Amino acid sequence: MAALNRTLASSFLALSLMGAGAGARAGNQQYQPLAASVQAALHAAVADQAPLDASFQRSAERARWLSEMSQRLARRIPDESYRSELLRAVHYEASRAGLDPQLVLGLIQVESGFKKYAVSSVGARGYMQVMPFWARLIGTEDTNLFHMRTNLRFGCTILRHYLDIEKGDLFRALGRYNGSLGKAEYPNMVRAAWEHNWSYASYRLAQNP
């Protein structure tokens, strides 16, 4: 455990040194042929155009989450309206894919530094650094990976797909997402960003006796 904590600490230091102006990391998901059923399921997942969940207006807890995350993100995205839209989209797309929104925020920090139009040296695009082959594989002719909801939906769907392949092993799933399966650097960086910058403890307004 001590060794792991030292690794996370050094990873977090590296993230801090990168700063808000850092360029996109070389997100490099590897193309692998998909079974027809898997391809169809992924296509259906990214084609879902459901509106954002309106529960942020109805739920005090979700409103609290949005307010706190917005404060943390303000340095990187000064526009409050756009910041709120992004956070609501992250929460929605992460939740519908069965992912922790805080994990997704950590991944976005590492992958793109919250830059909408980030492009890596290998061509990965947008907030979640999605490789263009995914648009051809499970998208449509007009898929725009720089569109906020589209990028988040693809990124969350792809990470969910890798988690399913790895039977819930987040370390290996993150390695697949980054194209560095089996190497510790990237999973540790995402975990460090997640735990140090985006961790969030929900609370109950009334405790059970």
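The structure displayed is predicted, hence computed values, not measured ones.
Expressed to the nearest 0.5 Å, how far CG of N151 lies from OH of Y117 amounts to 11.0 Å. The structure places CG of L152 at 13.0 Å from NE2 of H91, a figure rounded to the nearest 0.5 Å. Put simply, OH on Y162 and OG1 on T157 are 12.0 Å apart, with the number rounded to the nearest 0.5 Å.
Listed by chain and residue number, nothing satisfies the ring-ring contact (aromatic ring centres under 6.0 Å, His included) test with W194 (two or more places apart in sequence, or in another chain). In this view, S84 satisfies the side chain to side chain donor-acceptor pair (under 3.5 Å) rule with no residue, not counting sequence neighbours. Evaluation of the side chain to side chain donor-acceptor pair (under 3.5 Å) rule for D79 yields no partner, not counting sequence neighbours. Checked against side-chain contact (heavy atoms from CB on, under 4.5 Å), S67 has the following partners two or more places apart in sequence or in another chain: Q71. Every residue two or more places apart in sequence or in another chain that forms a side-chain contact (heavy atoms from CB on, under 4.5 Å) with K116 is listed here: Y82, Y127. Legend: residues meeting salt bridge (charged side-chain N to carboxylate O under 4.0 Å, His left out) with D164, ordered by chain and number and at least two apart, are R160. For S70, the side chain to side chain donor-acceptor pair (under 3.5 Å) partners are R83, not counting sequence neighbours. Under the salt bridge (charged side-chain N to carboxylate O under 4.0 Å, His left out) criterion, R72 pairs with E68, not counting sequence neighbours. In this view, F171 satisfies the ring-ring contact (aromatic ring centres under 6.0 Å, His included) rule with no residue, not counting sequence neighbours. The side chain to side chain donor-acceptor pair (under 3.5 Å) check on N144 picks up nothing, with sequence neighbours excluded.
The closest donor-acceptor contact from the side chain of T143 to the backbone of T140 lies under 3.5 Å. No donor-acceptor pair under 3.5 Å is formed between the side chain of S180 and the backbone N or O of K183.
Counting heavy atoms from C-beta outward, R76 and Q109 have side chains that approach closer than 4.5 Å. Residues R96 and R153 form a side-chain contact, since some pair of their non-hydrogen atoms from C-beta on lies under 4.5 Å apart. Counting heavy atoms from C-beta on, the side chains of L105 and N197 never come closer than 4.5 Å.
Ring centers of W198 and F114: under 6.0 Å apart, within the cut-off.
Each salt bridge (charged side-chain N to carboxylate O under 4.0 Å, His left out) pair with one or both residues in residues 128-144, not counting sequence neighbours, would appear here, but there are none.
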